[in-house]
Amino acid sequence: MLKSLNIKSFFVEIGELSYFASRFFKELFSRPFEFKALIRQCYSIGYRSILLVAVTGFIIGLVITLQTRPTLEEFGAASWMPSMVSISIVREIGPVIIALTFAGRIASGIGAELGSMRVTEQIDAMEVSGTNPFKYLVVTRVLAATLMLPLLVILGDAIALFGSFLVENAKGAVSFQLYFNQVFNALGFGDLIPATIKTFFFGFAIGLVGCFKGYYCKKGTVGVGLAANSAVVFSSMLLFIIDFIAVFVTDIFFEI
């Protein structure tokens, strides 16, 4: 009985999230457009995440190179290191790990912020005063997350490759020009385009889930904590599902 109840509540939540997404697209193309609020959210969501993404990307490049180089040296394939690292980071590791880090900061933050506004009845007050809280609070945040995450992933990938170069330069005395020549020779449009496109869906899922959990937060301070926590868990699960679909579609339309 409990198992069937959990399954039922799961599908109910999926349906509510789908309706929430359809309402987002409806409000997105209707007037008035909240450009100032969107710019403010882009600054809060994107610019303030740069340091976190930069540190994450740098560590990714260092760790992958340090862990992989000894194995390649055993097979006499250390010269393949720049090509292997660039493809693995750009295609999969960079977008997924940076998106998960982004979800931990943004989804929880949005969930807690909108949840506290719901608990303190600020959203209800906006509705009574004639303001559209969904457009002002939800649309701007979801759109900002969708636009900012691809830029952050590109920045994180570049810093990750630079971190990998530092290890290669220290271990194998590889010059900057030689390393990045091999990187750009290894990468093609089949690597860059699918990896960039799926980050838009990552950002959309993170922003949508964070807003959904916070907007419909239950009363009380406990509800705010649950909204923030469940936003991170649910958005992280969606990221893996979207990534699987993206890899499957890429395998069909691009030669991997």
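Count residues from 1 along the sequence.
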Requested in this report: Using distance alone, with no hydrogens and no angle criterion, decide if S175 and Q177 have a side-chain donor and acceptor under 3.5 Å apart.
Outcome: no

Query raised in the report: Is there side-chain contact between L192 and V90, with at least one heavy-atom pair below 4.5 Å?
Result: yes

Query raised in the report: Applying the 4.5 Å side-chain criterion to the ILVMFWY set and letting contacts propagate, would I59 and I93 be lumped into a single cluster?
Result: no

Donor-acceptor pairs are to be reported for all side-chain atoms of residues 109-119 against protein atoms at under 3.5 Å, with residues two or more places apart or in another chain.
{"residue": "E113", "atom": "OE1", "partner": "R141", "partner atom": "NH2", "Å": "3.4"}
{"residue": "E113", "atom": "OE2", "partner": "R141", "partner atom": "NH2", "Å": "2.8"}
{"residue": "S116", "atom": "OG", "partner": "A112", "partner atom": "O", "Å": "3.2"}
{"residue": "S116", "atom": "OG", "partner": "E113", "partner atom": "O", "Å": "2.7"}
{"residue": "R118", "atom": "NE", "partner": "Y215", "partner atom": "O", "Å": "2.8"}
{"residue": "R118", "atom": "NH1", "partner": "D124", "partner atom": "OD1", "Å": "3.0"}
{"residue": "R118", "atom": "NH2", "partner": "Y215", "partner atom": "O", "Å": "3.1"}

**Report entry** For A103 against V232, the heavy-atom pair lying closest together
**Finding:** O-CG2, 3.9 Å

Query raised in the report: Can I106 be reached from V224 by stepping across I, L, V, M, F, W or Y side chains whose heavy atoms are under 4.5 Å apart?
Result: no

Query raised in the report: What distance do R91 atom CZ and T250 atom OG1 have between them, rounded to the nearest 0.5 Å?
Result: 9.0 Å

Requested in this report: Looking only at non-hydrogen atoms, find the nearest pair between L149 and T199 and report the distance.
Outcome: CD2-O, 3.6 Å

Query raised in the report: Within a strict 4.5 Å, meaning less than it, do heavy atoms of the F202 and D243 side chains meet?
Result: yes

Report summary line: For A144 and L38, the nearest pair of non-hydrogen atoms, with its separation, is N-CD1, 3.9 Å

Query raised in the report: So do F234 and F212 actually touch side chain to side chain, heavy atoms under 4.5 Å?
Result: no

Report summary line: Between A205 and I242, the two heavy atoms sitting closest are CB-CD1, 3.6 Å

Query raised in the report: Side chains of F201 and I245: closer than 4.5 Å at any heavy-atom pair?
Result: no

Query raised in the report: Quick one: does T101's side chain get under 4.5 Å of V53's, heavy atoms only?
Result: no

Query raised in the report: Does any non-hydrogen side-chain atom of M148 lie less than 4.5 Å from one of L151?
Result: yes

Query raised in the report: Are L161 and F180 side-chain neighbours, meaning at least one heavy-atom pair lies under 4.5 Å?
Result: yes

Report task. Drop me the distance from I89's CD1 to I98's CD1, to the nearest 0.5 angstrom. Result -> 9.0 Å

Report task. To the nearest 0.5 Å, tell me how far T65 OG1 sits from I60 CD1. Result -> 11.0 Å

Query - OG-CD1 distance between S236 and I241, expressed to the nearest 0.5 angstrom - result: 11.0 Å

Query raised in the report: Do the ring centers of F24 and F204 come within less than 6.0 Å of each other?
Result: yes

Query raised in the report: Do you know which two heavy atoms are closest between S86 and A186, and how far apart they sit?
Result: OG-CB, 4.0 Å

Report summary line: Nearest heavy-atom contact between P82 and V183 is O-CG2, 3.9 Å

Requested in this report: Measure the spacing between CZ of F184 and OG of S83 and express it to the nearest 0.5 Å.
Outcome: 12.0 Å

**Report entry** Under 3.5 Å: donor-acceptor pair, side chain of N229, backbone of L226
**Finding:** no

Requested in this report: For side-chain contact (heavy atoms from CB on, under 4.5 Å), just list the numbers for F102 and L52, CA-CA rounded to whole Å, side-chain angles, deciding distance to a tenth of an Å, and then say yes or no.
Outcome: CA-CA 8 Å; F102 187 79; L52 178 64; over 6 Å; no

Requested in this report: Give a yes or no on whether the backbone of R40 and the side-chain of S44 come within a donor-acceptor separation of less than 3.5 Å.
Outcome: no

Report task. Please work out which of the three classes, parallel, tilted or perpendicular, describes the rings of F176 and F165, given edges at 30° and 60°. Result -> perpendicular

Query raised in the report: Are M84 and Q182 close enough that some pair of their side-chain heavy atoms sits under 4.5 Å apart?
Result: no

Query raised in the report: Hey, is OH on Y216 packed in by over 12 heavy atoms from elsewhere, all under 6.0 Å?
Result: yes

Query raised in the report: With ring centroids as reference points, do Y179 and F162 lie under 6.0 angstrom apart?
Result: no

Report task. Decide side-chain contact (heavy atoms from CB on, under 4.5 Å) for Y47 and I50; before the verdict, give the C-alpha distance in whole Å, the side-chain angles of both, and the deciding distance to 0.1 Å. Result -> CA-CA 5 Å; Y47 180 78; I50 288 179; 3.8 Å; yes

Query - Short side-chain to backbone donor-acceptor contact, T140 and Y136, under 3.5 Å - result: yes

Requested in this report: List for me each residue that meets side chain to side chain contact (heavy atoms under 4.5 Å, CB included) alongside K171, sequence neighbours excluded, and say none if there are none.
Outcome: L66, R69, V167

Query raised in the report: Are L100 and M237 co-members of a hydrophobic cluster defined by side-chain heavy atoms under 4.5 Å apart?
Result: yes

**Report entry** Rounded distance [0.5 Å steps], CD in E168 versus CG in L178
**Finding:** 9.5 Å

Report task. Give a yes or no on whether I206 and V233 share a hydrophobic cluster (residues Ile, Leu, Val, Met, Phe, Trp, Tyr; joining criterion: side-chain heavy atoms under 4.5 Å apart). Result -> no

Query raised in the report: Within the side chain of S88, is there an N or O that forms a donor-acceptor pair under 3.5 Å with the backbone of V85?
Result: yes

Query raised in the report: Cluster question for you: counting only ILVMFWY and a side-chain heavy-atom cut-off of under 4.5 Å, with indirect links fine, are I154 and I97 together?
Result: no

